[in-house]
Amino acid sequence: MITNQMALIRRELWEHRSIYVAPAAIAVIMSLVSLAGMVTASAFDNEIRMAILGASNIVGDAERQAAMTVFFLGTSWIFLFTLAILTVFYSLDSLYAERKDKSILFWRSLPVTDAETVISKLLTAVVVLPLVAVAAIIATHLINLVVTSIWISMKGGDAGHLIWGSVALLDNWMAALIVTFASAAWMSPFIGWFLFVSAFTKRMPLLMAFMPLILVPLIELIILRSSYFAEAVFGRGGMMPLFRGMDMHDFFDEDNMAVKEELIRLLAHLDIVQFLASPSLWAGIIVCGLLTTAAIYVRRYRDES
Amino acid sequence: MTSLVTASNVTKRFGDLRAVDNVSFEIEKGKILGLFGPNGAGKTTLLKAVLGLTDCEGQLSVLGLDPFRQRKELMKNICFIADVAVLPRWIKVTQLLDFIESVHPNFSRKRAEELLSQTKVRSEAKVRELSKGMVTQLHLSIITAIDARLLVLDEPTLGLDIIFRKEFYGNLLNDYFDGERTILITTHQVEEIEHLMTDIMFINDGRILLDSSMESLPDKYFELMTSGEDADKARQLGPIFERDVFGKKVMTFEGVDRERLAGLGEAHTPSVADLFVAKVKGAAA
């Protein structure tokens with residue numbers, strides 16, 4: 001069972017190379033962009049030196065850390081966005097491509113059940129893709145830190161103090177890991193839906209997946225004059241109960257006119273218990289389970305000829 | 001005798017259409033059974049039922065298993081080639097071997113590599129880079145390297161040129177078939193497998209028209225080439241089919257004593273292709 005799963009997931013990585021090629025390409029592009037930025041900035045030699053000097057002396061640790069965290073967050077969001085797009089395309093293709101090229105007949109000639117196959121595709125979407133995204137986030141952070149350090153050192157700054165001393169790497173990476181996997185779990189009903197459409201549709205999986213998501217709310221609005229479905233579907237992304245309420249005023253300790261240090265830690269903003277206790281999360285996971293079961297059923301029972 | 005496949009009253013409906021209609025047969029170990037039928041006769045549906053790819057009514061047992069419900073177990077001991085195009089085009093030969101090695105308990109990678117080394121298939125090539133004939137060689141090498149008890153081939157040589165086709169059946173007999181293994185094969189190119197099969201089955205409109213060993217065919221069937229008055233006399237003995245060849249009549253008889261037709265013309269055993277036409281057209285008439 002486990003050996004089969006490993007072999008099946010490895011097969012997914014062979015077939016869908018974009019799972020790791022796309023994040024790697026983005027990591028490379030982002031590193032090149034920041035490198036290009038430094039090269040351009042190098043034209044303003046004096047200003048840079050002044051800024052480094054200023055950063056070294058004036059700005060407090062908390063502010064510097066806040067600035068780095070914002071930069072890190074930006075990178076992470078880009079990968080999360082990439083992950084979302086990759087997941088949609090991967091899961092829609094996963095059970096459709098094998099029917100289109102008829103290789104399903106070959107796969108089914110091997111001693112692997114339909115359930116094992118479909119589950120390997122689900123696991124690829126909810127575990128492997130997020131793992132790759134987190135790895136890409138960490139790699140991009142490290143590359144950028146190293147490149148920036150070298151550059152700052154060349155300009156006479158103290159990179160150890162300015163950069164490495166200012167980043168809460170583990171805090172950032174743990175937060176990225178939690179947010180990435182929580183997003184995958186939270187959005188899993190969509191992944192289940194895409195797998196089902198991928199197993200079911202005869203053509204145009206992308207259209208077949210999104211059309212009902214637009215038509216059903218429209219019909220509900222016209223007939224029932226309500227919008228529960230639309231809220232459940234389109235509102236879901238914004239409702240993830242992982243984040244604590246955030247008030248920008250809390251960030252500043254107004255008495256001392258400084259950023260509150262404990263709030264810079266990203267983990268402080270995540271509430272894992274609240275997330276795991278959310279009925280909405282589990283309802284979503286159940287929907288994902290049901291739709292995956294439906295996908296297994298379709299792969300097993302439908303006659304492809 | 002050990003039966004590998006036992007079917008009794010197997011039926012598969014698609015709505016009102018009975019693609020397989022109340023079919024019963026057995027396949028014994030060590031046989032090479034050729035299954036023939038016109039397009040849409042129910043061949044592929046029957047094979048799918050045997051392979052557990054489709055559910056059906058009636059009792060069907062393959063290697064003692066219910067093929068549809070115990071498919072995973074079954075696939076450890078069955079191999080099939082449905083059509084040459086089914087190997088995924090994106091995969092590399094080595095990846096294919098890696099994957100099968102990790103999911104198939106009866107696959108010998110060493111054997112597959114030995115067999116492939118005799119072909120032009122490079123291990124680093126992707127399936128899409130191979131010619132159709134090479135893909136078939138690859139598929140056959142894989143299947144030969146699986147220690148399976150039953151091999152099912154559905155039109156395995158479709159679209160291949162004559163050299164690859166000859167080679168395919170040559171390799172099948174030399175490398176795969178050892179008397180312990182059993183082969184079930186369908187093809188339109190009857191004459192190519194006529195000399196290698198041990199048993200033969202015709203199917204039309206979902207029903208079995210003929211189920212016989214090759215050995216006993218000459219006892220049951222023969223053709224008589226005749227003309228004129230002799231033809232009228234022969235016709236009274238009830239040929240199942242009659243056709244014209246160069247102004248003469250060729251009649252196919254089933255279960256009629258050859259002695260009774262002695263002197264009425266030239267008698268010989270029909271080729272499988274001719275017998276097939278006679279049975280299908282005769283049944284339709």
Side-chain angles (χ1 to χ4, degrees), chain A residues 1-22 89-90 92-121 123-124 128 198-199 202 296-305, chain B residues 12-14 19 40 43-45 47-49 51-56 68-92 94-107 126-128 135 138-139 142-143 146 148 151-154:
Chain A
M1 182 75 197
I2 303 275
T3 356
N4 272 14
Q5 258 331 309
M6 297 304 285
L8 284 164
I9 289 175
R10 196 169 46 153
R11 181 193 79 182
E12 293 307 303
L13 291 172
W14 291 334
E15 181 175 4
H16 301 271
R17 287 170 60 228
S18 60
I19 290 174
Y20 53 89
V21 171
F89 281 94
Y90 166 75
L92 279 175
D93 194 55
S94 62
L95 292 160
Y96 178 72
E98 61 171 16
R99 292 188 292 126
K100 211 169 97 184
D101 68 7
K102 297 215 162 133
S103 60
I104 184 171
L105 280 173
F106 169 71
W107 300 121
R108 297 193 78 199
S109 76
L110 297 168
V112 177
T113 62
D114 295 292
E116 283 174 323
T117 304
V118 174
I119 286 170
S120 78
K121 310 218 175 215
L123 285 179
T124 303
V128 178
S198 177
K202 290 236 186 278
I296 294 171
Y297 193 87
V298 170
R299 191 180 193 263
R300 179 167 159 75
Y301 285 86
R302 185 158 64 193
D303 199 340
E304 289 301 332
S305 56
Chain B
K12 173 72 187 178
R13 295 168 212 260
F14 294 106
K43 284 183 311 236
T44 300
T45 309
L47 289 188
K48 282 189 166 178
L51 294 168
L53 293 173
T54 187
D55 206 356
C56 60
F68 190 66
R69 273 153 205 91
Q70 296 170 287
R71 195 175 65 80
K72 181 178 176 178
E73 212 35 52
L74 185 71
M75 285 306 144
K76 289 181 182 165
N77 286 302
I78 285 198
C79 281
F80 72 89
I81 302 187
D83 183 88
V84 287
V86 299
L87 287 182
R89 292 170 55 74
W90 52 265
I91 206 164
K92 272 190 201 167
T94 45
Q95 293 175 336
L96 195 59
L97 299 183
D98 284 346
F99 183 76
I100 300 170
E101 194 180 17
S102 35
V103 299
H104 210 308
N106 298 333
F107 176 69
K126 285 188 176 178
V127 169
R128 74 159 61 90
V135 175
L138 171 61
H139 208 159
I142 288 169
I143 274 180
I146 291 175
L151 173 62
V152 177
L153 302 169
D154 187 10

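So you know, we letter chains A, B, ... as the sequences are listed, proteins then strands, and number each from 1.
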Count the heavy atoms belonging to other residues, nucleotides or ligands that lie under 6.0 Å from OH of A:Y20, then report whether that count exceeds 12.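 Result for OH/A:Y20: enclosed.
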Result block: side-chain N/O donor-acceptor pairs under 3.5 angstrom for residues 2-10 of chain A, not counting sequence neighbours:
residue	atom	partner	partner atom	Å
A:N4	ND2	A:E116	OE1	3.4
A:N4	ND2	A:E116	OE2	3.4
A:Q5	NE2	A:E116	O	3.1

Looking only at atom types and distance, does a side-chain atom of B:R71 sit under 3.5 Å from a main-chain N or O of A:S109, one as donor and one as acceptor?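 Such a contact is absent between B:R71 side chain and A:S109 backbone.
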B:L51/A:R108 under side chain to side chain contact (heavy atoms under 4.5 Å, CB included): CA gap, chis, key distance, verdict: CA-CA 9 Å; B:L51 294 168; A:R108 297 193 78 199; over 6 Å; no
Could you tell me the separation between the CD atom of A:E15 and the CZ atom of B:R89, rounded to the nearest 0.5 Å?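 So the gap between those two atoms works out to 13.0 Å.
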Nearest-0.5 Å distance, CZ of residue A:R300 to OG1 of residue B:T54: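 Spacing of CZ (A:R300) from OG1 (B:T54) equals 10.5 Å.
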Taking all heavy atoms of B:P88 and all of A:D101, pick out the closest pair and write down the distance. CA-OD2, 4.4 Å
So which part of B:I78 gets closer than 4.5 Å to some heavy atom of chain A, the side chain, the backbone, both or neither? backbone
Interchain contact, B:F68 with chain A, by part (heavy-atom threshold 4.5 Å):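 It is both, since atoms from each part get that close.
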Is there a side-chain contact between B:D98 and A:W14, using heavy atoms and a 4.5 Å cut-off? yes
State, with a plain yes or no, whether a side-chain heavy atom of B:L96 is found less than 4.5 Å away from one of A:F106. yes
As an exercise: rank B:E101, B:E73, B:H104, B:K76 by heavy-atom pairs under 4.5 Å with chain A and give me the winner.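 Heavy-atom pairs under 4.5 Å are most numerous for B:H104.
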Side chain to side chain donor-acceptor pair (under 3.5 Å) partners for B:R13, two or more places apart: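 Checked B:R13 against side chain to side chain donor-acceptor pair (under 3.5 Å); matches are B:E57.
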